Amino acid sequence: MNTLLLGDPSPSLQWRAAVELVGITEDDDDVQASRTEIRESAAVRSLLARLDAARNRPTAAGYLLCQLAYLGYRGPELPAAVDAIFAHQQPDGSWPLGLEDNSDQPARKPSRTAQPPSAPADGPRFITMQTVVPLRGIAAAGFATDPRAERAYEWLLRERLPDGSWPAGPKADLGGPGRPSPPEKDYRRLIRGAGCRSATTGAAACFALHPERRRSDAARIGVDHLLARETRDRSTLGWEVSRLVGLERAMGQVTFYVTCDLAFVLDLASRCGVSADDRRVRDLVSWLESLRGPYGLWEHQAHPQLSRWLTFDLECSLRRLADGDWIGNEEPATFTPDKRGRRRY
């Protein structure tokens with residue numbers, strides 16, 4: 001299986017498989033050659049051009065940083081892109097609404113006394129995804145411990161719901177005494193939590209990339225909420241990989257992470273220290289192993305050309321599980337599908 005990954009046409013996959021799976025050191029000649037090819041590849045050049053154009057759009061720039069990091073790029077453009085994202089950060093650590101629609105506006109450095117713009121009375125007070133996507137990109141680029149990033153992590157901790165999940169975005173005129181916030185929509189509601197599955201996935205992805213916070217209670221409880229959904233959706237397996245490699249569009253505001261990708265859930269669980277002995281993880285791994293092909297590869301249903309990338313991703317997750325030591329709430333929960341009215345005919 002490793003031979004197939006090392007022989008892939010993508011220099012990014014060659015380099016990552018050699019270093020992360022085979023254990024070849026960075027000073028190896030073949031590894032160095034792959035790194036040179038990564039810097040000169042058309043995929044990386046295209047992402048860098050889009051990153052430069054997205055300097056005033058933190059969400060778009062944040063996910064482009066995720067894509068570059070996934071392809072193994074570590075060039076000098078990343079620190080400047082991270083600074084451009086931080087230029088839009090609010091004093092409380094979050095990112096404001098509306099920037100994606102005003103990309104032609106110059107970035108303004110927030111002052112210590114600046115107040116965040118007020119939300120419309122009938123609009124959201126904040127949208128969690130406006131912060132988690134830029135923050136994940138910043139962490140993926142290697143700046144998770146930057147003091148400005150730490151303020152964003154603290155904002156996420158403050159906005160957690162009592163059960164440890166995250167809301168999609170509470171309305172500005174609700175949530176106070178006598179005016180409770182409505183529940184999350186059924187299609188993105190968590191099984192056991194009151195929060196949004198998409199927002200909780202994004203927040204957990206941010207914590208999973210922090211060298212210290214990734215094994216915190218906040219990270220593990222967030223992943224625990226995701227593991228409670230024990231459906232087996234083969235058609236969406238590897239959805240996040242297809243977005244990171246660029247074969248699917250990264251889109252959506254509240255619904256950015258609404259697709260249930262079990263490969264991504266396993267990735268987050270392995271990074272946050274969930275044990276392979278957790279019943280839900282054990283069952284998930286057993287199901288994944290039943291899908292492995294005769295050559296040790298997992299087939300990507302939507303994009304068969306990504307089967308080697310999906311295999312690499314899953315192999316890395318399985319290896320990280322060996323270091324896990326945390327077991328969450330293993331009680332089975334039955335998934336309730338979207339509530340739909342009866343058909344008239």
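Predicted model only: the values in this text are computed from it and were never measured.
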- Task: Determine whether Ile191 and Leu161 fall in the same hydrophobic cluster, where Ile, Leu, Val, Met, Phe, Trp and Tyr are linked whenever their side-chain heavy atoms lie under 4.5 Å apart.
- Result: no
- In the single-linkage hydrophobic clustering (I, L, V, M, F, W, Y; side-chain heavy atoms under 4.5 Å), do Met129 and Met251 co-cluster? no
- Would you call the rings of Tyr63 and Phe256 parallel, tilted or perpendicular, where under 30° means parallel and over 60° means perpendicular? perpendicular
- Item | Asp261 (side chain) donor-acceptor with Trp239 (main chain) under 3.5 angstrom | yes
- Kindly determine whether Phe126 and Trp155 satisfy ring pair (Phe, Tyr, Trp, His ring centres under 6.0 Å), including the steps that lead there. CA-CA 11 Å; Phe126 63 83; Trp155 181 87; 5.1 Å; yes
- If every non-hydrogen atom of Gly193 is compared with every non-hydrogen atom of Asp163, which pair is closest and at what distance? CA-OD2, 3.2 Å
- Are the side chain of Trp95 and the backbone N or O of Ile85 linked by a donor-acceptor pair below 3.5 Å? yes
- Query: Are Tyr70 and Asp313 side-chain neighbours, meaning at least one heavy-atom pair lies under 4.5 Å?
  - Reply: yes
- Could you tell me whether a side-chain N or O of Ser12 sits under 3.5 Å from a main-chain N or O of Leu71, the two making a donor and an acceptor? yes
- Closest approach of Thr236 and Cys260, non-hydrogen atoms and distance? OG1-O, 2.7 Å
- Looking only at heavy atoms, what is the nearest atom pair of Arg214 and Arg271, with distance? NH1-O, 2.9 Å
- Message: Using a strict threshold of under 4.0 Å (side-chain N to carboxylate O), is an ion pair present between Asp323 and Arg320?
- Response: no
- Apply the test side chain to side chain contact (heavy atoms under 4.5 Å, CB included) to residues Val132 and Thr201: give CA-CA distance (whole Å), side-chain angles for both, the deciding distance (0.1 Å), then the verdict. CA-CA 9 Å; Val132 299; Thr201 301; over 6 Å; no
- Cationic N near anionic O, under 4.0 Å, Arg280 to Asp224: yes
- Could you pull out the closest heavy-atom pair between Leu209 and Ala140, with the gap in Å? CD1-N, 3.8 Å
- Task: Compute whether any side-chain donor of one residue and acceptor of the other, for Asp233 and Ser235, lie under 3.5 angstrom apart.
- Result: no
- Message: Which label fits His303 and His300: parallel for a plane angle under 30°, tilted from 30 to 60°, or perpendicular past 60°?
- Response: tilted
- Pick out which of Glu331, Glu230, Glu330 makes a salt bridge (charged side-chain N to carboxylate O under 4.0 Å, His left out) with Arg279. Glu230
- Message: Looking at Arg151 and Glu154, is there a salt bridge between them, counting it only when a charged N and a carboxylate O are closer than 4.0 Å?
- Response: no
- Where is the tightest heavy-atom contact between Trp166 and Ala199, given as atom of each residue plus distance? O-CB, 3.8 Å
